[in-house]
Amino acid sequence: MRAGVTGRRWRAREQYFIGKMQEQVEHIYKRLYDHFGPQNWWPGETPFEVIIGAVLTQNTNWKNVERAIGNLKGVGLLSFARLSELPVALLAEYIRPAGYYNIKAGRLRNLFAMIRETYNSSMEEMLADSTDSLRRNLLSVKGIGPETADSILLYAANRPVFVVDTYTHRILSRHDLICEDFGYDEIQEFFMDHLDPDPSLFNEFHALLVCAGKEFCKKSKPRCSDCPLKGVEGI
Ligand code: SF4
């Protein structure tokens, strides 16, 4: 009997903390949104362009990605049919502005091979796959990690999958909302447990965290006094 009461109390306390955490996550979103406004990510005219951008943006800034995508667009290569047939050395030349161009050309070729083999070279077929299956297939591609796979799921396939990056980890841990040693999956779970599974909310939230990270929450010397998240406390 006592154990039952304890169990109920524990569940009530757990519910209380889940509720408080949810409030805090929504509070962060609101503060960031009020400060930065809508970000309308991802800048790409087609899902295929978003997918290419997700690979090219690894370890570089978006300006460089734009230049690389501009090169491909300029010669009419931004389609699966054309780009996947391009010799890898030529592909590397076109995407040179994005940096690590030989590595990234190889990653794109690996991705194209998976799309060819698993989805019969069809973007439509790939984007119609279930979230779990598509994520698994993306992660099976050498050079595609969780952040790139989830960016493709969220921004190209419009799935409610939260994208985690270094800024997300830094901001949340500095506010004691997660443990410093949380890994990608734990941070993703934290958001997905405390937010409605809404792709447009996840889209905006990730973009806003990137803005806050770039502008205020720098690795060293964070600009807390000017930051919209100043004063936000953990639970
Ligand atoms: S800059 Fe300071 S207030 Fe802003 S998110 Fe980072 S730790 Fe928080």
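Indexing begins at 1, ligand by ligand and atom by atom, following the structure's order. Atom set for the values below is all heavy atoms of this structure, side chains included, hydrogens, waters and symmetry mates excluded. Values in this document were obtained by computation on a predicted structure and should not be read as measured data.
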Which heavy atom of the protein is the closest neighbour of atom 4 (Fe) of ligand 1, given with residue, atom name and distance?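 Nearest neighbour among protein heavy atoms for atom 4 (Fe) of ligand 1, to 0.1 Å: Cys227 SG, 2.4 Å.
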
Which residue and heavy atom of the protein sit nearest atom 8 (Fe) of ligand 1, plus the separation: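 Heavy-atom neighbour on the protein nearest atom 8 (Fe) of ligand 1: His175 NE2, 2.2 Å.
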
Which atoms of ligand 1 sit under 4.0 Å from any heavy atom of Arg174?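 Those of ligand 1 that fall under 4.0 Å from Arg174 are 7 (S).
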
Sub-4.0 Å atoms of ligand 1 with respect to non-hydrogen atoms of Pro222: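 Those of ligand 1 that fall under 4.0 Å from Pro222 are 1 (S).
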
Any side-chain to backbone donor/acceptor pair from Arg109 onto Leu86? Under 3.5 Å, distance only.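 Looks like yes, one N/O pair under 3.5 Å.
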
Aromatic ring pairing Phe36/Phe216, orientation class (parallel under 30°, perpendicular over 60°, tilted between):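 The arrangement is tilted - the two ring planes meet at 30° to 60°.
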
Classify the ring geometry between His206 and Phe162 as parallel (under 30°), tilted (30 to 60°) or perpendicular (over 60°).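 Perpendicular: the ring planes of His206 and Phe162 meet at over 60°.
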
When you measure from atom 4 (Fe) of ligand 1 to the N, O or S atoms of Cys217, does any of those distances fall below 2.8 Å?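 No, since none of the N, O or S atoms of Cys217 sits under 2.8 Å from atom 4 (Fe) of ligand 1.
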
For ligand 1, the portion of Lys230 having any non-hydrogen atom under 4.0 Å away: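 The part of Lys230 near ligand 1 is the backbone, not the side chain.
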
Tell me, yes or no, whether the heavy-atom count around Lys218 atom NZ, taken from other residues, nucleotides or ligands under 6.0 Å, exceeds 12.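 Check passes, neighbour count above 12.
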
Approximate separation, where rounding is to 0.5 Å, of Asp129 CG and Arg136 CZ: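 Asp129 CG to Arg136 CZ: 8.5 Å, rounded to 0.5 Å.
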
Minimum heavy-atom distance between Val163 and Tyr184, given as atom pair plus value: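 Shortest heavy-atom separation between Val163 and Tyr184 comes out as CA-OH, 3.9 Å.
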
Tell me whether atom 2 (Fe) of ligand 1 has Cys224 as a neighbour, meaning an N, O or S atom of it below 2.8 Å.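 Here the distance criterion (N, O or S atom, under 2.8 Å) is met by Cys224, so yes.
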
